[in-house]
Amino acid sequence: MGLHLVSNGNMTLREFSQIAKQVDPYVDIFQIREKQKTAIELYEGIQLLLDLGISAQKIFVNDRLDVALSLGVAGVQLAYHSLPLKVVKDHFHQLQVGCSIHSWEEALQVESGGASFAMYGHIFSTNSKPGLEPRGCHQLKEVCNRSSIPIIAIGGITPENTRAVLEHGASGVAVISGILGQEDPISAASLYHEIIQKWKEEQREKAL
């Protein structure tokens with residue numbers, strides 16, 4: 001699953017799209033998480049990504065099934081307040097579905113429901129979750145060991161700790177400020193990509 005870049009809700013989607021275009025070679029999934037934006041704002045913002053050449057198959061929309069379907073993007077990311085996973089899978093077979101989880105029990109639930117992957121966090125301390133204890137790599141490892149679907153680690157993921165979460169079973173990492181908050185987003189995205197690709201290559205060599 002590699003590198004997911006999640007929008008931060010602070011910049012405009014026009015600003016996000018400009019960064020997305022620059023880092024596109026290094027990012028596997030663009031996740032549009034914009035809780036405050038209306039359907040039309042999301043629609044127009046994602047259309048900007050498509051107009052800039054970002055593949056629809058790399059775009060996931062948080063929660064807004066209507067927007068995802070209207071633009072023909074890859075899928076949706078469901079949270080606890082979203083439509084039930086079973087409803088989405090039963091009625092919209094063409095969509096990939098990611099689910100946000102916070103325990104191995106939830107991982108097994110969404111796996112049995114047909115989720116394409118699960119996003120688990122927060123792994124490390126992060127400014128977006130002030131005062132909340134991070135779950136850490138050991139809990140991440142338990143989730144990954146108990147589940148057979150890809151687990152994407154999120155929360156405080158930096159280039160320095162990316163390898164650690166991969167070693168504990170994550171199939172990829174989701175990043176917000178690690179790219180969007182950097183003076184040079186291209187270099188930041190390239191570094192994450194390099195670390196992930198090196199890890200994958202090492203695993204392929206071990207499997208031979």
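Rounding to the nearest 0.5 angstrom, the gap separating the CG atom in Leu140 from the CD atom in Glu142 is 10.5 Å. The distance from atom OG of Ser103 to atom CG of Leu108, rounded to the nearest 0.5 Å, is 8.5 Å. Here Met1 contributes atom CE and Ile149 contributes atom CD1; the two are 9.5 Å apart, rounded to the nearest 0.5 Å. Rounding to the nearest 0.5 Å gives a distance of 5.5 Å between CG of Leu71 and CD1 of Ile46. Going from atom CZ of Phe117 over to atom CD1 of Ile101 covers 11.0 Å, rounded to the nearest 0.5 Å. In this structure, the separation between CD1 on Ile123 and OG1 on Thr158 is 12.5 Å, given to the nearest 0.5 Å.
Cluster membership for Ile186 and Ile195, using ILVMFWY side-chain heavy atoms within less than 4.5 angstrom, is not shared. When the side chains of ILVMFWY residues are joined at heavy-atom separations under 4.5 Å, either directly or via intervening members, Ile179 and Met11 end up in a single hydrophobic cluster. Residues Leu48 and Val61 fall into different hydrophobic clusters, defined by Ile, Leu, Val, Met, Phe, Trp and Tyr side chains chained together at heavy-atom separations under 4.5 Å. Cluster annotation: Val67 is not connected to Leu52 through the hydrophobic network of ILVMFWY side chains, with a link wherever side-chain heavy atoms come within less than 4.5 Å. With hydrophobic clusters built from ILVMFWY side chains whose heavy atoms lie under 4.5 angstrom apart, Leu83 shares a cluster with Val76.
Distance alone, capped at 3.5 Å, is enough to place a donor-acceptor pair between the Ser17 side chain and the Leu13 backbone. A donor-acceptor pair under 3.5 Å links the side-chain atoms of Ser82 to the main chain of Ala79, judged by distance alone. At least one donor-acceptor pair under 3.5 Å links the side chain of Gln139 to the backbone N or O of Arg135. Without hydrogens or angle criteria, Tyr192 side chain to Thr162 main chain gives no donor-acceptor distance under 3.5 Å. Asp28 places a side-chain N or O within 3.5 Å of a backbone atom of Leu3 that can act as its donor or acceptor partner.
Around the NZ atom of Lys141, the shell of radius 6.0 Å holds no more than 12 heavy atoms that belong to other residues, nucleotides or ligands. The environment of Arg14 atom CZ is sparse: at most 12 non-hydrogen atoms of other residues, nucleotides or ligands sit within 6.0 angstrom. Residue-environment remark: NE2 (His138) stays at or below the threshold of 12 foreign heavy atoms within 6.0 Å. Atom NZ of Lys200 sits in a crowded spot, with more than 12 heavy atoms from other residues, nucleotides or ligands closer than 6.0 Å.
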request  = For side-chain contact (heavy atoms from CB on, under 4.5 Å), just list the numbers for Val23 and Phe30, CA-CA rounded to whole Å, side-chain angles, deciding distance to a tenth of an Å, and then say yes or no.
outcome  = CA-CA 10 Å; Val23 303; Phe30 292 96; 4.1 Å; yes

query = Does the pair Gln57 and Ser55 meet the rule for a side-chain hydrogen bond (donor to acceptor under 3.5 Å, both in side chains), with working shown?
reply = CA-CA 5 Å; Gln57 292 309 301; Ser55 169; 5.9 Å; no

key: Pair Ile157-Phe124, side-chain contact (heavy atoms from CB on, under 4.5 Å): steps then yes or no   = CA-CA 7 Å; Ile157 308 294; Phe124 304 106; 4.0 Å; yes

request  = Give the C-alpha distance, both sets of side-chain angles, the deciding distance and a yes or no for side-chain contact (heavy atoms from CB on, under 4.5 Å) between Leu50 and Ile59.
outcome  = CA-CA 9 Å; Leu50 297 171; Ile59 299 174; 3.8 Å; yes

message = Assess the residue pair Phe16 and Asn8 against the criterion (side-chain contact (heavy atoms from CB on, under 4.5 Å)); give the C-alpha distance rounded to whole Å, side-chain angles, the decisive distance to 0.1 Å, and a yes or no.
response = CA-CA 9 Å; Phe16 177 79; Asn8 61 14; over 6 Å; no

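For the pair His168 and Cys144, the minimum side-chain heavy-atom distance is 4.5 Å or more.
Residue Ala174 comes nearest to Val6 through the heavy atom pair CB-CG2, 4.1 Å, listed as atom of the first residue, atom of the second, then distance. Scanning both residues, Asn161 and Gly156, for their nearest heavy atoms gives ND2-O, 3.0 Å. Closest of all the heavy-atom pairs between Ala107 and Ser147 is CB-CB, 4.1 Å. Closest of all the heavy-atom pairs between Leu166 and Ser171 is CD2-C, 4.4 Å. Tyr26 approaches Ala189 most closely through the heavy-atom pair CB-O, 3.7 Å. Residue Ala20 comes nearest to Leu49 through the heavy atom pair CB-CD2, 3.6 Å, listed as atom of the first residue, atom of the second, then distance.
Note on Lys198 versus Glu201: no salt bridge recorded, every NZ/NE/NH1/NH2 to OD/OE distance being 4.0 Å or above.
Applying side chain to side chain donor-acceptor pair (under 3.5 Å) to Asn62 and the options Arg33, Lys35, Gln31, Gln77 leaves one that passes, Gln31.
Within the structure, salt bridge (charged side-chain N to carboxylate O under 4.0 Å, His left out) pairs that include any residue of residues 36-51 comprise Glu34-Lys37 (at least two apart or interchain).
With sequence neighbours excluded, the residues that form a side-chain contact (heavy atoms from CB on, under 4.5 Å) with Lys89 are Leu85, Val97.
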